[in-house]
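For reference, the structure discussed in these notes is given below.
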There are 2 protein chains.
Amino acid sequence: MLEKSHKHVTCQTCTGRQSSLLNHFCSDELEHLNSHRACNYYKKHQALFLEGSFPRGVYCINQGMVKIFKRGDEGKEQIIHIAKAGEMVGFRAMFTEEPYKVAAETLEESNICFIGKEDFLNLMDSNPVLRNGIIKELSRELADRADFITNMAQKSVRERLAFTMLILIDVFDNEPINLSREDLANFVGTATETLIRLLKDFKEEGIIEVQTRKIKVLDKNKLLHISGK
Amino acid sequence: MLEKSHKHVTCQTCTGRQSSLLNHFCSDELEHLNSHRACNYYKKHQALFLEGSFPRGVYCINQGMVKIFKRGDEGKEQIIHIAKAGEMVGFRAMFTEEPYKVAAETLEESNICFIGKEDFLNLMDSNPVLRNGIIKELSRELADRADFITNMAQKSVRERLAFTMLILIDVFDNEPINLSREDLANFVGTATETLIRLLKDFKEEGIIEVQTRKIKVLDKNKLLHISGK
DNA sequence: CTTAAAAAATGACGATTGTCAGCTTTCTTA
DNA sequence: TAAGAAAGCTGACAATCGTCATTTTTTAAG
């Protein structure tokens with residue numbers, strides 16, 4: 001269980017920050033950053049923001065995991081990304097000055113800090129390293145999404161599942177993948193039933209091991225092979 | 001036929017620029033920009049850059065159209081975007097300092113100016129409006145791609161074709177869509193044969209009219225309806 | 001511990017879509 | 001303008017995948 005009082009979390013000691021866009025801050029800047037953020041505890045399945053709402057700032061994940069998704073015309077979710085500790089979410093739409101085109105929701109209980117739009121834009125104005133880091137990050141994500149699109153368009157569900165599981169190995173940091181079958185299906189882009197059948201195949205092929213909902217990858221190489229890389 | 005000598009093209013008089021990221025430049029800046037660019041004539045199907053090569057600068061489309069695409073594991077192209085006059089291509093990977101993850105190739109003969117990496121980065125450093133414009137543009141494209149991914153994952157080929165044609169109406173500025181069946185299939189994300197069969201359906205349903213390769217949209221509303229928006 | 005609700009799993013079945021092979025039309029260029 | 005190449009089109013067929021209905025297992029709440 002996470003500590004619901006999180007006064008102890010500071011930017012200075014935040015472990016996620018060290019691998020984040022805010023990693024280069026000097027101690028003065030950290031002081032300033034720390035005093036302009038508000039930390040919040042989120043329950044499992046709690047929304048950070050909804051599709052269609054207006055951005056008010058950025059969210060820094062101190063601990064936990066957040067899914068970024070979009071609803072298709074029939075209401076089915078498509079997961080675009082799963083963000084973990086150290087990542088910042090919600091700032092992309094802030095720049096476009098348009099409502100969010102995606103939604104964000106915790107996958108587990110999480111500690112997430114909030115920095116207001118004004119404060120964050122000021123920070124960017126005065127900090128070229130942060131600014132360039134963000135430009136770099138946005139560009140990198142664009143490249144990733146070109147890849148994602150190509151996979152969606154050209155690969156079979158089986159291949160996409162393998163590809164997705166490789167991503168999830170990183171997201172879950174080599175711990176067993178702990179997602180509902182539905183979320184997993186919505187990330188792969190398939191029906192839950194199809195996903196379950198394919199998991200069964202993978203299990204029979206000795207690629208994974210399943211304990212109820214948790215999936216342990218036994219053979220990463222086979223996944224690499226199936227995914228076609 | 002385009003003029004192969006393009007000395008007459010200047011940033012000051014470039015019609016595409018007015019709706020581009022460079023539209024706010026004052027006359028001094030334009031002068032400077034103009035003297036740091038090189039204009040080139042490209043034949044149909046000529047590459048601007050290849051997947052895997054390193055970015056050397058940005059390309060400004062003065063006239064013509066460019067497809068941005070990626071090859072899947074079996075070598076099949078997936079078109080990610082079609083850029084037209086006024087758009088800039090090739091700068092996304094420049095920021096990541098990694099090789100291009102996509103390729104760019106003209107769809108028709110084109111006049112395209114080139115601005116070197118150094119020059120462009122300097123321009124961005126000294127020009128906050130350009131800088132913010134680029135951040136905004138990158139963010140907007142990310143939102144578009146989330147949409148694209150969701151469509152790919154959840155819609156039928158028929159629905160995607162309708163959706164794609166709506167995009168192409170804009171790209172071709174209400175003129176008949178003039179793409180090879182293969183390119184069209186590679187944009188929709190389907191086999192060329194499937195695409196051809198669906199075009200036949202659309203024709204029989206009175207949605208489009210076909211003169212050899214050119215496709216004229218007769219009923220945009222039906223497309224909207226089919227695409228599910 | 002029991003029970004209700006939610007999630008996971010299975011089966012049957014049909015529609016969509018990709019593949020392959022062959023044919024026709026259009027375009028290119030010599 | 002003729003010939004070859006490229007693009008467009010058609011048919012047949014099979015596999016993948018989604019849908020719907022039902023059952024089993026797991027989780028959460030009292």
Side-chain angles (χ1 to χ4, degrees), chain A residues 1 43-45 72-78 107-109 150-164 176-204 208-215 226-228, chain B residues 1 43-46 67 72-78 107-109 150-164 176-204 208-215 226-228:
Chain A
M1 196 57 144
K43 289 182 295 198
K44 208 180 201 181
H45 300 143
D73 299 322
E74 255 84 290
K76 184 177 161 71
E77 284 182 15
Q78 176 61 43
L107 285 169
E108 55 184 29
E109 41 177 7
T150 308
N151 282 334
M152 280 294 177
Q154 301 189 359
K155 285 189 202 289
S156 67
V157 177
R158 179 179 159 91
E159 291 168 322
R160 297 205 308 262
L161 174 57
F163 182 81
T164 303
I177 296 167
N178 187 10
L179 276 182
S180 72
R181 299 292 184 261
E182 196 180 351
D183 278 337
L184 194 44
N186 290 342
F187 202 2
V188 174
T190 188
T192 308
E193 294 92 328
T194 302
L195 176 107
I196 288 170
R197 285 179 240 270
L198 287 171
L199 281 183
K200 195 175 159 191
D201 292 347
F202 278 13
K203 197 163 59 182
E204 283 165 4
I208 59 171
E209 200 174 74
V210 174
Q211 313 122 12
T212 66
R213 86 190 316 235
K214 286 187 188 167
I215 300 166
I226 293 169
S227 83
Chain B
M1 196 60 143
K43 288 181 296 197
K44 207 179 201 180
H45 300 141
Q46 199 175 340
K67 68 172 169 183
D73 299 321
E74 254 84 290
K76 185 177 160 73
E77 284 182 14
Q78 177 61 44
L107 285 169
E108 55 183 28
E109 40 177 8
T150 308
N151 282 334
M152 280 295 177
Q154 301 190 0
K155 285 188 202 290
S156 68
V157 177
R158 181 179 158 90
E159 290 168 321
R160 297 205 307 261
L161 174 57
F163 181 81
T164 304
I177 296 166
N178 187 10
L179 276 182
S180 73
R181 298 293 185 260
E182 196 179 351
D183 278 338
L184 194 46
N186 290 343
F187 202 1
V188 173
T190 188
T192 309
E193 294 93 328
T194 303
L195 176 107
I196 288 170
R197 285 179 239 269
L198 287 171
L199 280 184
K200 195 174 158 193
D201 291 348
F202 278 13
K203 197 163 59 180
E204 282 166 3
I208 59 171
E209 200 174 75
V210 174
Q211 312 120 13
T212 65
R213 85 188 319 232
K214 287 186 187 169
I215 301 166
I226 292 169
S227 82

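Each chain gets a letter, A, B and so on, in the order the sequences are listed, and its residues count up from 1. Atoms considered below: every heavy atom in the structure, side chains included; atoms not considered: hydrogens, waters and symmetry mates.
Spacing between atom CG of A:Leu198 and atom C1' of C:dA9 amounts to 13 Å, rounded to whole angstrom units. B:Ile196 places its CD1 atom 16 Å from the P atom of C:dT17, with the value rounded to the nearest Å. Computed from coordinates, the B:Ile215 CD1 to D:dG8 C1' distance equals 12 Å when rounded to whole Å. In this structure, the CZ atom of B:Arg213 is 9 Å from the P atom of C:dC27, given to the nearest Å. When the P atom of D:dT19 is taken as reference, atom CG of A:Leu195 falls 14 Å away, rounded to whole Å. Going from atom CZ of A:Arg197 over to atom P of D:dC17 covers 12 Å, rounded to whole Å. We find that CD of B:Gln211 is positioned 14 Å from C1' of C:dT26, with the value rounded to whole Å. With rounding to whole Å, A:Glu74 atom CD is found 11 Å from D:dC20 atom P.
Checking side-chain atoms of B:Lys155 against main-chain N and O of B:Ser227 turns up a donor-acceptor pair under 3.5 Å. In this structure, A:Glu159 contributes its side chain and A:Gly228 its backbone to no donor-acceptor pair below 3.5 Å. Using modelled atom types, one side-chain atom of A:Gln78 and one backbone atom of A:Phe187 make a donor-acceptor pair closer than 3.5 Å. Listed for the B:Arg181 side chain is a donor-acceptor partner under 3.5 Å among the backbone atoms of B:Arg213.
In terms of phosphate contacts, A:Lys200 brings no side-chain nitrogen or oxygen within less than 4.0 Å of OP1 or OP2 of C:dA9. Contact check, A:Thr194 against D:dG18: a side-chain N or O comes under 4.0 Å of OP1 or OP2. Distances shorter than 4.0 Å separate some side-chain N or O of B:Thr190 from OP1 or OP2 on C:dG18.
Comparing atom distances between the B:Ala191 side chain and each of C:dT19, D:dT27, C:dT17 picks out C:dT19 as nearest. Minimum atom distance to the side chain of B:Glu193 is reached by C:dA21, of the listed C:dA21, D:dT26, C:dA9. For B:Arg181, the listed nucleotide lying nearest its side chain is D:dC9; candidates were D:dC9, C:dC20, C:dA12.
Closest-nucleotide positions on DNA chain D for A:Thr212 and B:Ala153 were compared, and the one nearer the 5' end corresponds to B:Ala153. For the pair B:Val157 and A:Ser180, nearest-nucleotide mapping onto DNA chain C gives the more 5' position to A:Ser180.
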Criterion side-chain contact (heavy atoms from CB on, under 4.5 Å) on B:Ile215 and B:Phe202, from CA distance to verdict: CA-CA 11 Å; B:Ile215 301 166; B:Phe202 278 13; over 6 Å; no
